[in-house]
Asker: 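First the structure, which I've put down as structure tokens, then a few questions once you've had a look.
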Amino acid sequence: MADEVRVRFAPSPTGELHVGGARTALYNWLYAKNLGGKFILRVEDTDEKRSTEENLETILRSMQWLGLDWDEGPVLQSDRLDLYNDYVSLLMSSGNAYYCFAAQEDIEEQRREALEADENWVYRGADRELSSDEVRAKLDAEEPHTVRFKVPDEGTITVDDAVQGEVTFESAHIEDFVLQRSDEKPTYHLSNVVDDIEMGITHVIRGADHLSNTPKQVLVYEALNAKLPIFAHLPLILGEDGKRLSKRHGATSVEHFHDKGYLPGAVINYLALLGWNAGDDREVFTSAELTSEFSLERVNKANPKFDVEKLSWLNGEYIKEVPAGELRPAVREALQVRGCWNEELDMERRDFFFALIELWQPRSRTINELADHIAPFLTEAFAYEPDGLKEHVHGKDLLGVVQAFREALLQVDPWNQEQLEESLREVATGAEKEAAELIHPTRIALVGKKASPGIFEVLELMGREKARVRLDRMIRYLSKLEEAKTKRLEQIAAAAAKK
RNA sequence: GGCCCCAUCGUCUAGUCAGGCCUAGGACACCGGCCUUUCACGCCGGCGACACGGGUUCGAAUCCCGUUGGGGCUACCA
């Protein structure tokens, strides 16, 4: 029987889960699902200065939101420090590691000098040669020390990477790296390898920023006589400026996309296609298609740039296709944030709420946009869009026709699109105006914007009472315009009379 | 600086491993047009790329070398 596939996502809780990490998690998850393997979550928190509980919680929340469920874990490295110490002893007794008493500052000094002199330099600990008596004496004297790996002076290490192909490194270019810090905590190079061995990880799928570190880890595997996993290094996601994605690019955390009203399915879909493709022209994938078709062979080697425009388009595609009912909780949340949620929308006005969602689905790319569009139906606390006023209201002599339409609406029966349209056209004709000349100001009166779904649809859905209140508001606005105009004319007349 | 990786439209990419089917295909964005009371959707059309230079070959986006450009690593971070 072939070994079960076991992959892991191993974030360090030094920040939120950003899209790069999310994609790494996703590819691991897809790989496991594709092969019926296990997806394990491990938290690499051996750097206690930079790791926080809060970050961990955010990461877990983001993964859950994306639907990246794990089969085992989360395993915290901080819970198993003894394990790493056991391995240090093992490496020490097999002669692959040694105590290093050199002061950090001294090494840094040497490193700096070498760099300035343009020399290629790697640290080779002089303490490799210390006799066991000398080591014992220093240890007894409690001299601060680290444990370093004894890197061979010669030879090459070849990493056979599932994405990058064969990559060869010279041992001579690798320094005697630290396995255990002076505070006895393991470094990443140790804990990472130990856990991958202990957890039976078969495939290490991670960002390409780890490729250069891989030979060090291979050395540790070999020193431990452990079987190497298959490595797969994913290209790094870059920001729009071509630089590696970081906080400097602002909004790149998964949490942010949740807050902005993106759907988890769309984010997953976008991330899956950022560096991988099925070999055809499809852009929209179901989760099932993704898991059944994913393969490391089709992962690209070049670094992609993160394009929020395309994500937004995809998100719009998802919003369009999803049944209104599934959007309900997210829209509700967004409306609550905007302070225009009413419990009635979940009870007696449930159908109305659903109809509102359906009305705006085809013209919203995010849940937040959708909520912004729905809000005017729930509250009158919206402003008239300046552009709309300028184009369709100011200087149009509308007071009379809007008043007439307001009166006509009171008589419309039944209250449906056909009757509403008939009524509006009649009023416009009576006032010797084009229907459009009444439609545009009406739209602004109803929702404050110059764009909306069909005006009769909006009217029908909004209902007579709300429509009346909003037209009254527009009538007051138009009256004020008239007043101001009259006043100005009087002033001009008065000024002319004086001359 | 050294080591490692990468390089097709502005962006994501197909095609590269097995060279001719590529006057390089799709998607996002952008620009026109149609539809329409507006916007969006939808439909139709347009703009737009094999980084550069050498080879190899009858033939190169595809193979080789170099240059340039980008990214990563170079910590008692991960």
Side-chain angles (χ1 to χ4, degrees), chain A residues 10-14 44-47 49-51 100 104 107-108 111 114-123 144-148 159 161 163-165 167-170 172-175 177-189 191-192 206-215 233 235-236 238 240 242-244 270 273-284 297 300-314 316 320 360-365 373 388 391-392 421 424-425 434-440 442-444 449-456:
Chain A
S12 177
T14 54
E44 309 220 326
D45 57 350
T46 57
D47 182 355
K49 292 181 207 73
R50 302 198 308 145
S51 303
C100 171
Q104 200 173 344
I107 298 174
E108 278 167 12
R111 205 192 308 274
L115 198 66
E116 276 170 18
D118 269 3
E119 282 169 28
N120 188 19
W121 181 85
V122 296
Y123 183 72
H145 61 272
T146 59
V147 174
R148 284 181 187 266
V159 178
D161 194 280
V163 171
Q164 308 288 338
V167 188
T168 301
F169 301 86
E170 302 241 0
H173 291 147
I174 301 169
E175 72 175 359
F177 52 96
V178 174
L179 295 168
Q180 188 184 60
R181 297 191 264 254
S182 49
D183 64 0
E184 307 228 307
K185 296 265 173 30
T187 62
Y188 161 76
H189 296 301
S191 60
N192 184 273
R206 71 220 316 188
D209 48 341
H210 292 289
L211 183 57
S212 300
N213 286 322
T214 306
H233 287 94
L236 264 13
L238 271 26
E240 282 172 85
K243 299 292 175 201
R244 204 238 274 242
Y270 177 72
L273 254 27
L274 201 57
W276 173 86
N277 69 81
D280 53 36
D281 289 340
R282 284 173 298 162
E283 301 282 344
V284 182
E297 288 75 51
N300 270 313
K301 296 170 86 169
N303 299 335
K305 288 183 190 166
F306 189 79
D307 180 13
V308 74
E309 280 296 332
K310 185 148 187 181
L311 203 210
S312 295
W313 166 76
L314 237 195
K320 228 177 296 168
W360 286 102
Q361 266 180 286
R363 59 202 85 211
S364 303
R365 279 155 75 111
H373 286 135
E391 279 176 45
H392 304 299
E421 177 156 10
L424 181 139
R425 289 191 185 281
E434 293 292 324
E437 290 179 274
L438 177 54
I439 286 172
H440 292 297
T442 299
R443 171 175 292 115
I444 290 166
K449 298 193 165 53
K450 63 175 180 178
S452 80
I455 195 70
F456 306 111

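Please read these numbers as outputs of a predicted model, since none were measured by experiment. Per chain, numbering begins at 1; letters A, B, ... match sequence-line order.
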Asker: Can you figure out which of B:A78, B:G26, B:C76 approaches the side chain of A:Ser182 most closely?
Answerer: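 From the listed options, B:C76 comes nearest.
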
Asker: Return the set of residues passing ring pair (Phe, Tyr, Trp, His ring centres under 6.0 Å) with A:Tyr123 (not counting sequence neighbours), or none when no residue passes.
Answerer: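 Scan of A:Tyr123 (ring pair (Phe, Tyr, Trp, His ring centres under 6.0 Å), adjacent residues dropped) gives none.
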
Asker: Between B:A7, B:A27, B:C3, which nucleotide gets closest to the side-chain atoms of A:Phe169?
Answerer: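 The nucleotide sitting nearest to the side chain is B:C3.
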
Asker: Using a cutoff of under 3.5 Å, can you pull out all pairs of nitrogen or oxygen atoms linking the protein to nucleotides 65-72 of chain B, with atom names and distances?
Answerer:
residue	atom	partner	partner atom	Å
B:G71	OP1	A:Lys243	NZ	2.4
B:G71	O2'	A:Asn303	ND2	3.1
B:G72	O3'	A:Arg244	NH2	3.4
B:G72	N2	A:Ser212	OG	3.2

Asker: Can you tabulate the close N/O pairs, meaning under 3.5 Å, that link protein atoms to atoms of nucleotides 16-22 of chain B?
Answerer:
none

Asker: With a 4.0 Å cut-off on heavy atoms, is A:Thr168 in touch with a base, just the backbone sugar-phosphate, or nothing at all?
Answerer: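 Contact class for A:Thr168: sugar-phosphate only.
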
Asker: Partners of A:Glu309 by salt bridge (charged side-chain N to carboxylate O under 4.0 Å, His left out), sequence neighbours excluded?
Answerer: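 By the salt bridge (charged side-chain N to carboxylate O under 4.0 Å, His left out) rule, A:Glu309 matches A:Arg365.
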
Asker: I'd like to check the side-chain contact (heavy atoms from CB on, under 4.5 Å) partners of A:Pro186; sequence neighbours left out, ordered by chain and number.
Answerer: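 For A:Pro186 the side-chain contact (heavy atoms from CB on, under 4.5 Å) partners, ignoring immediate neighbours, are A:Thr46, A:Leu81, A:Tyr84, A:Leu190, A:Ser191.
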
Asker: My understanding is that a pair needs two contacts under 3.5 Å, Watson-Crick or G-U wobble. By that rule, which nucleotide pairs with B:G1?
Answerer: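 B:G1 is paired, partner B:U74.
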
Asker: Below the 4.0 Å mark, does B:A14 have OP1 or OP2 next to a side-chain nitrogen or oxygen of A:Asn277?
Answerer: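 So the side chain of A:Asn277 is within the cut-off, an N or O lying under 4.0 Å from OP1 or OP2 of B:A14.
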
Asker: If you assign A:Pro304 and A:Glu108 each to the RNA chain B nucleotide with the nearest heavy atom, which residue ends up on the more 5' nucleotide?
Answerer: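 Nearest nucleotide further toward 5': that of A:Pro304.
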
Asker: What does the list of N/O pairs under 3.5 Å between the protein and nucleotides 36-43 of chain B look like, with a distance for each?
Answerer:
residue	atom	partner	partner atom	Å
B:U37	O2'	A:His440	NE2	3.0
B:U37	O2	A:Arg443	NH2	2.8
B:U38	O2'	A:Lys450	O	3.2
B:U38	O2	A:Arg443	NE	3.4
B:U38	O2	A:Ser452	N	2.9
B:U38	O2	A:Ser452	O	3.0
B:U38	N3	A:Arg443	NH2	3.2
B:U38	N3	A:Ser452	O	2.6
B:U38	O4	A:Gly454	N	3.3
B:C39	O2	A:Arg363	NH1	2.5
B:C39	N3	A:Arg363	NH1	2.4
B:A40	O2'	A:Pro362	O	2.8
B:C41	O3'	A:Lys320	NZ	3.1

Asker: Of all residues at least two apart in sequence or in a different chain, which pass the side-chain hydrogen bond (donor to acceptor under 3.5 Å, both in side chains) check with A:His210?
Answerer: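 In terms of side-chain hydrogen bond (donor to acceptor under 3.5 Å, both in side chains), with neighbours along the sequence ignored, A:His210 is linked to A:Tyr188.
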
Asker: A:Lys305 side chain N/O closer than 4.0 Å to the phosphate oxygens (OP1, OP2) of B:U11?
Answerer: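 The answer is yes; a side-chain N or O of A:Lys305 sits under 4.0 Å from OP1 or OP2.
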
Asker: Is there a side-chain polar atom (N or O) of A:Arg111 under 4.0 Å from OP1 or OP2 of B:A75?
Answerer: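 For A:Arg111, the contact criterion (side-chain N or O under 4.0 Å from OP1 or OP2 of B:A75) is met.
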
Asker: OP1, OP2 of B:C6 versus side-chain N and O of A:Lys301: anything below 4.0 Å?
Answerer: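 For B:C6, OP1 or OP2 has a side-chain N or O of A:Lys301 closer than 4.0 Å.
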
Asker: Could you work out, with ring pair (Phe, Tyr, Trp, His ring centres under 6.0 Å) as the rule, every residue matching A:His173, not counting sequence neighbours?
Answerer: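 Not a single residue meets the ring pair (Phe, Tyr, Trp, His ring centres under 6.0 Å) criterion with A:His173.
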
Asker: For a quick check of understanding: with a heavy-atom distance under 4.0 Å over all strands, which category does A:Thr46 fall into, base, sugar-phosphate or nothing?
Answerer: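 Touches sugar-phosphate only.
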
Asker: What interatomic distance, in whole Å, is found between P of B:C3 and the corresponding atom of B:G66?
Answerer: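 Nearest-Å result for B:G66 against B:C3 at atom P: 13 Å.
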
Asker: Applying ring pair (Phe, Tyr, Trp, His ring centres under 6.0 Å), name anything that partners A:Phe169, two or more places apart in sequence or on another chain.
Answerer: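 Counting only residues at least two positions away or on another chain, A:Phe169 forms no ring pair (Phe, Tyr, Trp, His ring centres under 6.0 Å).
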
Asker: Select base, sugar-phosphate, or nothing to describe what A:Gln104 touches, counting heavy atoms under 4.0 Å on all strands.
Answerer: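 Base contact - A:Gln104 has a heavy atom under 4.0 Å of at least one base atom.
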
Asker: What residues form a salt bridge (charged side-chain N to carboxylate O under 4.0 Å, His left out) with A:Asp161, not counting sequence neighbours?
Answerer: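 So A:Asp161 forms no salt bridge (charged side-chain N to carboxylate O under 4.0 Å, His left out) with any residue.
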
Asker: Considering every strand and a 4.0 Å limit on heavy-atom distances, what is the contact class for A:Thr146: base, sugar-phosphate, or nothing?
Answerer: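 Base, at least one base atom sits under 4.0 Å.
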
Asker: Rounding to an integer number of angstrom, what distance separates B:G53 and B:C76 when you compare their C1' atoms?
Answerer: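 My reading of the C1' atoms in B:G53 and B:C76 gives 47 Å.
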
Asker: Just to verify, what does A:Lys449 make a salt bridge (charged side-chain N to carboxylate O under 4.0 Å, His left out) with, not counting sequence neighbours?
Answerer: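 Partners of A:Lys449 under the salt bridge (charged side-chain N to carboxylate O under 4.0 Å, His left out) test: none.
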
Asker: Can you list the residues that meet the salt bridge (charged side-chain N to carboxylate O under 4.0 Å, His left out) rule with A:Arg282, with sequence neighbours excluded?
Answerer: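 A:Arg282 satisfies salt bridge (charged side-chain N to carboxylate O under 4.0 Å, His left out) with A:Asp280, A:Glu293 only.
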
Asker: Tell whether A:Asn192 reaches the base of B:A78 with its side chain through a donor-acceptor pair below 3.5 angstrom.
Answerer: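 By the distance-only test, no, there is no pair.
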
Asker: Would you say A:Gln180 and A:Lys185 make side-chain contact, with heavy atoms under 4.5 Å?
Answerer: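 Counting from C-beta outward, A:Gln180 and A:Lys185 never come under 4.5 Å.
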
Asker: Rounded to whole Å, how long is the line connecting atom CH2 of A:Trp276 with atom P of B:A27?
Answerer: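 It is 18 Å, rounded to the nearest whole Å.
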
Asker: For the side chain of A:Lys310 and the base of B:A29, is some donor closer than 3.5 Å to an acceptor across the two?
Answerer: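 Check fails, no donor-acceptor contact within cut-off.
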
Asker: Pick the P atom in B:C28 and in B:C44, then give their distance to the nearest Å.
Answerer: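 So the two P atoms sit 12 Å from each other.
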
Asker: Base, sugar-phosphate, or nothing for A:Glu44, non-hydrogen atoms under 4.0 angstrom?
Answerer: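 A:Glu44: backbone/sugar contact only, no base atoms under 4.0 Å.
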
Asker: If we take the P atom in both B:C73 and B:G19, what is their distance in whole Å?
Answerer: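 B:C73 and B:G19 have their P atoms separated by 36 Å.
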
